[in-house]
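Below: the structure, in structure tokens.
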Amino acid sequence: MNQTLGQKLTRTKPVDVTPEHTQGNSGSGLNRSIGLFPLTMIGVGATIGTGIFFTMVEAVPKAGPSVILSFLIAAITAGLTALCYAELSFRIPASGSSYSFAYATVGEFLAFIMAACLLLEYGLAASATAIGWSDYLNNFLVNAFGWHIPSLLRSPMIVSGPAGIEFHPGHINLPPIMLVCLCCFLLLRGTKESATTNAIMVMIKLAILVFFVVIAFAGFDSHNFFPFFNTDNSKGFAGMKGVTAAAGTVFFSFIGLDTVATAGEEVRDPRRNVPIGILAALAIVTVFYMLVAVAALGAQPAAKFEGQEAGLAVILQNVTGKTWPALVLAAGAVISVFSVTLVTIYGQTRILFAISRDGLISKAFQTVNPRTAAPVSNTLIVCSVVGLVSGFVDATFLWDMVSMGTLTAFIVVSMAVPVMRRRENGNGVDGFRVPFGPYVVPGLSILACLYIMRDLSRTTFTIFTIWMTAAILTYFLYGMRNSHLNGAPRS
């Protein structure tokens with residue numbers, strides 16, 4: 001049937017259109033091979049490690065000791081959105097996460113825009129964490145063998161300097177590229193093997209962070225928390241302004257909630273396990289974030305965080321006066337960040353898979369290997385892009401952009417809840433629903449996201465606008481013409 005432009009932009013994909021692939025290896029579907037525990041570990045693996053191992057160095061100089069409030073604000077916002085994710089994932093247990101939720105509720109155009117946000121979010125998050133992995137790898141090599149990676153091989157070509165963007169020809173950050181290649185190898189072997197490997201690495205990560213907290217509290221000094229708020233306003237970060245700005249920097253570390261939802265089509269009993277996995281991952285992450293942040297700030301004055309490489313390892317070395325605790329933590333970080341990068345790349349490939357299956361981008365992204373059920377071309381393309389960004393670009397450019405993508409995704413997910421309730425008109429399946437009706441929690445979630453978003457940098461908003469413009473052009477030039485809903489009745 002002929003559709004008007006407005007109908008094309010707002011057409012939705014019925015929930016039951018998503019195929020319920022089971023264990024078949026037909027070459028066109030994904031296997032349901034992930035249980036509740038490895039699913040929860042996927043969420044934990046995508047969050048713990050980024051905000052704690054890396055962004056303390058970026059966030060503490062903005063907020064000072066009050067960065068604890070920044071993590072708390074981010075956690076509350078993520079918690080509100082987690083409730084929305086839990087309800088939507090129960091009703092739409094599909095690959096693609098926020099994209100699938102948007103397509104089933106607010107329409108194709110906004111779903112495609114959401115997909116662009118997710119691709120930006122996941123791609124840059126994987127690159128940023130791979131870059132941070134390089135610092136801990138170097139710290140481990142120095143403490144273990146007295147050898148460090150040459151500067152030319154662990155510094156990017158494009159960096160953020162005092163005068164703006166600087167180019168350093170001949171420089172390459174080789175360790176992140178190697179890490180991305182290892183992740184690519186694992187993902188090509190199949191989802192079940194990747195999820196199991198990730199669960200093992202996450203358990204090691206949690207043990208390492210417990211190790212850090214115990215030793216760091218031995219050097220705890222309450223004076224490090226005074227003054228609690230940043231008093232230096234030279235960069236506009238004094239008081240609560242710094243708290244909000246730091247919350248925007250660390251917020252991307254809650255990307256794990258979205259990663260759990262991206263696995264919806266490969267989870268056993270997704271209507272039960274995905275909501276539980278999301279909420280369980282959030283609870284574990286919040287507890288560990290707060291413990292490590294308090295221990296780190298108690299063991300080291302806030303002024304020492306700025307520009308510090310492998311910060312948590314250095315804190316342990318300063319507290320104990322010995323290198324072995326730093327060696328243990330650096331080794332744990334090397335393993336931990338591996339898991340973060342792995343699941344983040346995994347999330348990006350599954351989003352691309354879902355978009356491709358709907359006809360909005362090339363079919364190459366949905367072709368899977370008959371033996372491993374892994375999307376081979378998809379994985380190779382994603383890993384190539386992530387590897388290039390992590391090898392040649394400074395991480396300073398990436399943190400806030402990831403937060404912007406995450407916050408936008410969370411806003412759309414929150415909007416989708418009341419739309420879904422209205423569509424169901426009381427006839428939806430029984431299961432998890434956000435408390436206090438369809439408007440209170442989603443509304444608070446949207447307001448909290450906007451509150452954090454307002455203090456992101458102007459550069460972040462500029463780059464985000466350019467990216468969104470490119471996404472809109474792509475939709476009108478390719479996606480709208482090739483959508484599988486062309487000629488279909490509007491749901």
TODO: Mind listing the closest non-hydrogen atom pair of Gly277 and Leu36 along with its distance?
DONE: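 It is N-CD1, 3.8 Å.
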Open item on the list: For a quick test of reading the model, state the closest non-hydrogen atom pair linking Phe211 to Pro325 and the distance between them.
Closed with: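 The answer is CE2-O, 3.7 Å.
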Open item on the list: Just checking Arg454: does its CZ atom have more than 12 heavy atoms from other residues, nucleotides or ligands closer to it than 6.0 angstrom?
Closed with: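 Yes, enclosed.
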Open item on the list: Check this for me: Met178, atom CE, are more than 12 non-hydrogen atoms of other residues, nucleotides or ligands nearer than 6.0 Å?
Closed with: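 Open.
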TODO: May I ask you to check whether Tyr103 and Tyr99 place their ring centres under 6.0 Å from each other?
DONE: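 Tyr99 vs Tyr103: aromatic centres under 6.0 Å.
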Open item on the list: For Phe220 and Phe217, I'd like to know if the aromatic rings sit close, meaning centre-to-centre distance below 6.0 Å.
Closed with: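 Between Phe220 and Phe217, the centre distance is under 6.0 Å.
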Task: Verdict with supporting geometry, Phe338 and Leu179, side chain to side chain contact (heavy atoms under 4.5 Å, CB included) - done: CA-CA 7 Å; Phe338 192 152; Leu179 174 62; 3.8 Å; yes
Open item on the list: Is any side-chain heavy atom of Leu329 closer than 4.5 Å to one of Leu209?
Closed with: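 The answer is no, as the side chains (C-beta and beyond) never meet within the 4.5 Å cut-off.
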Task: Ring geometry between Phe410 and Phe251 (parallel below 30°, tilted from 30 to 60°, perpendicular above 60°) - done: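 It falls in the perpendicular class, over 60°.
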Open item on the list: Would you say Asn139 and Asp135 are linked by a side-chain donor-acceptor pair, where the criterion is simply a distance under 3.5 Å?
Closed with: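 Not at all, the side chains of Asp135 and Asn139 share no donor-acceptor pair under 3.5 Å.
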Task: Test item: side-chain donor near acceptor, Ser445 and Ser414, under 3.5 Å - done: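 Ser445 vs Ser414: donor-acceptor pair found between side chains.
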Enumerate, atom names and distances included, each donor-acceptor pair closer than 3.5 Å involving a side-chain atom of residues 463-471, sequence neighbours excluded.
{"unit_1": "Thr465", "atom_1": "OG1", "unit_2": "Phe461", "atom_2": "O", "d": "2.8"}
{"unit_1": "Trp467", "atom_1": "NE1", "unit_2": "Ala116", "atom_2": "O", "d": "2.8"}
{"unit_1": "Thr469", "atom_1": "OG1", "unit_2": "Thr465", "atom_2": "O", "d": "2.8"}

Open item on the list: Apply side chain to side chain contact (heavy atoms under 4.5 Å, CB included) to residues Leu398 and Ile131 and explain how you reach the verdict.
Closed with: CA-CA 10 Å; Leu398 306 180; Ile131 291 170; 4.0 Å; yes
Given [options], the one that forms side chain to side chain contact (heavy atoms under 4.5 Å, CB included) with [X]:
X: Gln348; options: Leu352, Ile345, Thr344; result: Leu352
X: Phe71; options: Thr286, Val292, Val250; result: Val250
X: Arg458; options: Leu456, Thr460, Thr462; result: Thr462

TODO: Would you sort out whether Asn143 and Gln317 count as a side chain to side chain contact (heavy atoms under 4.5 Å, CB included), showing the intermediate values?
DONE: CA-CA 10 Å; Asn143 287 324; Gln317 189 167 346; 4.0 Å; yes
Task: Steps toward side chain to side chain contact (heavy atoms under 4.5 Å, CB included) verdict (Arg421, Arg433) - done: CA-CA 10 Å; Arg421 292 277 192 98; Arg433 291 174 179 263; 3.0 Å; yes
